[in-house]
Amino acid sequence: MNDQATSFRPGNAGAVTLHYILDPLCGWCYAVAPLIQAAHESLPIRLHAGGMMAGPNRRPVTPQLRQMVEQHDRRIARLSGQPFGEAYRDGLLCDQSAVFDSEPPITAMLAADEIDGRGLDLLARMQTAHYVEGRRISDPTVLRTVALDIGLDGSAFDAAYAPQQGEPTKAHIRASRERLARVDGAGFPTLVLEREGRYEVMDIMGYLGQPSAWLSRLAAVSRSNS
């Protein structure tokens with residue numbers, strides 16, 4: 001781990017937390033995934049999922065949705081280097097029986113966090129399952145499988161998932177959107193660095209494909225707030 005990363009560890013520089021306002025089905029959240037993982041090696045990250053495609057915004061896969069999504073995907077691949085699999089491009093995005101619904105994967109994230117603080121790990125695995133493997137991460141059966149993939153116990157996941165369904169997940173989405181509004185966030189992803197009661201929105205999109213520069217920026221902001 002480099003010096004930039006260790007310089008803002010909570011044990012070294014006070015209580016620092018990175019708040020990540022996201023959606024599991026947001027392509028730009030997939031674009032920043034390597035930057036989030038790099039930051040996670042140095043400081044705690046709290047997840048706030050905003051339900052971009054939840055409730056009335058859930059979307060069936062249609063040719064119109066495919067066209068819109070592919071435009072973003074091409075930019076994401078060019079700017080971030082993140083891969084998009086054939087099973088996603090030519091499979092899931094062509095499957096008009098599929099529905100994009102953010103609520104089940106958000107419930108799964110909450111369950112993983114409840115079990116062992118593994119929400120971020122599950123998010124990363126769900127993003128790969130969706131964008132590379134072309135799997136339906138709005139399907140609870142698929143979600144259970146990807147939870148097993150990261151080493152969670154199946155029975156423990158089931159027990160944590162069930163009580164998070166419905167109103168608890170909806171309440172989390174509402175709280176996440178309220179947080180996004182409070183910081184004047186532009187949408188998903190929004191990153192907010194918290195230290196000792198102070199908050200600063202971070203421009204993570206300017207660091208796509210540049211994890212070292214991103215870590216340096218986080219360290220510099222942490223030092224400036226000390």
Side-chain angles (χ1 to χ4, degrees), residues 10 15 17-30 32-33 36-37 39-41 43-61 92 95 97-183 185 187-192 194 199:
T17 300
L18 191 64
H19 294 270
Y20 180 22
I21 307 172
L22 68 121
D23 189 87
L25 288 170
C26 167
W28 291 103
C29 294
Y30 178 56
V32 304
I36 299 299
Q37 186 56 50
H40 186 48
E41 294 174 2
L43 76 168
I45 296 177
R46 289 192 59 189
L47 302 175
H48 309 276
M52 182 181 73
M53 289 186 171
N57 295 320
R58 63 200 298 269
R59 298 283 298 275
V61 174
L92 183 61
D95 184 355
S97 69
V99 175
F100 288 177
D101 183 354
S102 300
E103 192 168 321
I106 291 173
T107 301
M109 279 173 33
L110 296 175
D113 255 346
E114 180 72 22
I115 295 168
D116 195 22
R118 299 289 304 281
L120 185 59
D121 294 333
L122 185 60
L123 171 63
R125 181 67 189 94
M126 290 190 299
Q127 288 171 324
T128 299
H130 179 76
Y131 289 106
V132 178
E133 299 163 9
R135 300 170 72 182
R136 296 189 186 191
I137 64 167
S138 298
D139 182 338
T141 303
V142 173
L143 293 171
R144 190 180 193 275
T145 300
V146 297
L148 295 176
D149 289 345
I150 67 167
L152 295 180
D153 176 78
S155 296
F157 180 77
D158 293 341
Y161 185 92
Q164 294 289 354
Q165 286 182 291
E167 183 53 32
T169 295
K170 290 179 172 65
H172 173 87
I173 290 171
R174 288 195 298 269
S176 299
R177 288 185 170 272
E178 289 168 5
R179 179 177 292 273
L180 182 65
R182 284 199 304 272
V183 300
F188 311 119
T190 291
L191 276 292
V192 183
E194 175 189 2
Y199 297 85

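The basis for the numbers below is simple: all heavy atoms, side chains too, and nothing from hydrogens, waters or symmetry mates.
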S.K.: R59: which residues meet the side chain to side chain donor-acceptor pair (under 3.5 Å) condition with it, sequence neighbours left out?
M.R.: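 With neighbours one apart ignored, the set is empty.
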S.K.: Any side-chain to backbone donor/acceptor pair from S102 onto G51? Under 3.5 Å, distance only.
M.R.: no
S.K.: Between R125 and T145, does the side-chain hydrogen bond (donor to acceptor under 3.5 Å, both in side chains) criterion hold? Intermediate values first, please.
M.R.: CA-CA 10 Å; R125 181 67 189 94; T145 300; over 6 Å; no
S.K.: Please test D113 against L47 for side-chain contact (heavy atoms from CB on, under 4.5 Å), starting from the C-alpha separation and ending with a verdict.
M.R.: CA-CA 9 Å; D113 255 346; L47 302 175; 4.3 Å; yes
S.K.: Supply the atom-to-atom distance S138 OG to M53 CE, rounded to the nearest 0.5 angstrom.
M.R.: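 So the OG of S138 and the CE of M53 are separated by 9.0 Å.
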S.K.: Applying side-chain contact (heavy atoms from CB on, under 4.5 Å), run through R179 and H19 and close with a yes or a no.
M.R.: CA-CA 10 Å; R179 179 177 292 273; H19 294 270; 3.7 Å; yes
S.K.: Supply the atom-to-atom distance I36 CD1 to L191 CG, rounded to the nearest 0.5 angstrom.
M.R.: 4.0 Å
S.K.: Counting distance only, does the side-chain N/O of T107 pair as donor-acceptor with the main-chain N or O of T169 below 3.5 Å?
M.R.: no
S.K.: Do the side-chain N and O atoms of S97 and R136 include a donor-acceptor pair separated by under 3.5 angstrom?
M.R.: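 Yes, a side-chain donor-acceptor pair sits under 3.5 Å.
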S.K.: Give, for atom CG of L22 and atom OG1 of T190, the distance between the pair rounded to the nearest 0.5 Å.
M.R.: 10.0 Å
S.K.: Evaluate M126 against M109 for side-chain contact (heavy atoms from CB on, under 4.5 Å), listing each step before the verdict.
M.R.: CA-CA 9 Å; M126 290 190 299; M109 279 173 33; 3.5 Å; yes
S.K.: Please answer whether the main-chain N or O of G27 pairs with a side-chain N or O of Y131 as donor and acceptor at a distance below 3.5 Å.
M.R.: yes
S.K.: Once you round to the nearest 0.5 Å, how far does CG of L143 lie from CD1 of I106?
M.R.: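 That separation rounds to 11.0 Å.
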S.K.: State the CG-CG distance between L18 and L43, to the nearest 0.5 angstrom.
M.R.: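 The CG atom of L43 is 5.5 Å from CG of L18, to the nearest 0.5 Å.
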S.K.: Look at the side chain of D23 and the backbone N and O of M52, then say whether any donor-acceptor pair between them is shorter than 3.5 Å.
M.R.: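 Present.
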S.K.: Determine all donor-acceptor pairs shorter than 3.5 Å in which one atom belongs to a side chain in residues 155-162; sequence neighbours excluded.
M.R.:
unit_1: D158; atom_1: OD1; unit_2: R144; atom_2: NE; d: 2.9
unit_1: D158; atom_1: OD2; unit_2: R144; atom_2: NE; d: 3.1
unit_1: D158; atom_1: OD2; unit_2: R144; atom_2: NH2; d: 3.1

S.K.: Just wondering, more than 12 heavy atoms not from R46 lying within 6.0 Å of its CZ?
M.R.: no
S.K.: By side chain to side chain donor-acceptor pair (under 3.5 Å), which residues pair with E103, not counting sequence neighbours?
M.R.: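 With sequence neighbours excluded, E103 shows a side chain to side chain donor-acceptor pair (under 3.5 Å) to K170, given in chain and number order.
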S.K.: Please confirm whether the ring centroid of Y20 lies under 6.0 Å from the ring centroid of H40.
M.R.: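 No, too far apart.
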S.K.: Check the pair H48, F188 against ring-ring contact (aromatic ring centres under 6.0 Å, His included), reporting the backbone distance first and the verdict last.
M.R.: CA-CA 10 Å; H48 309 276; F188 311 119; over 10 Å; no
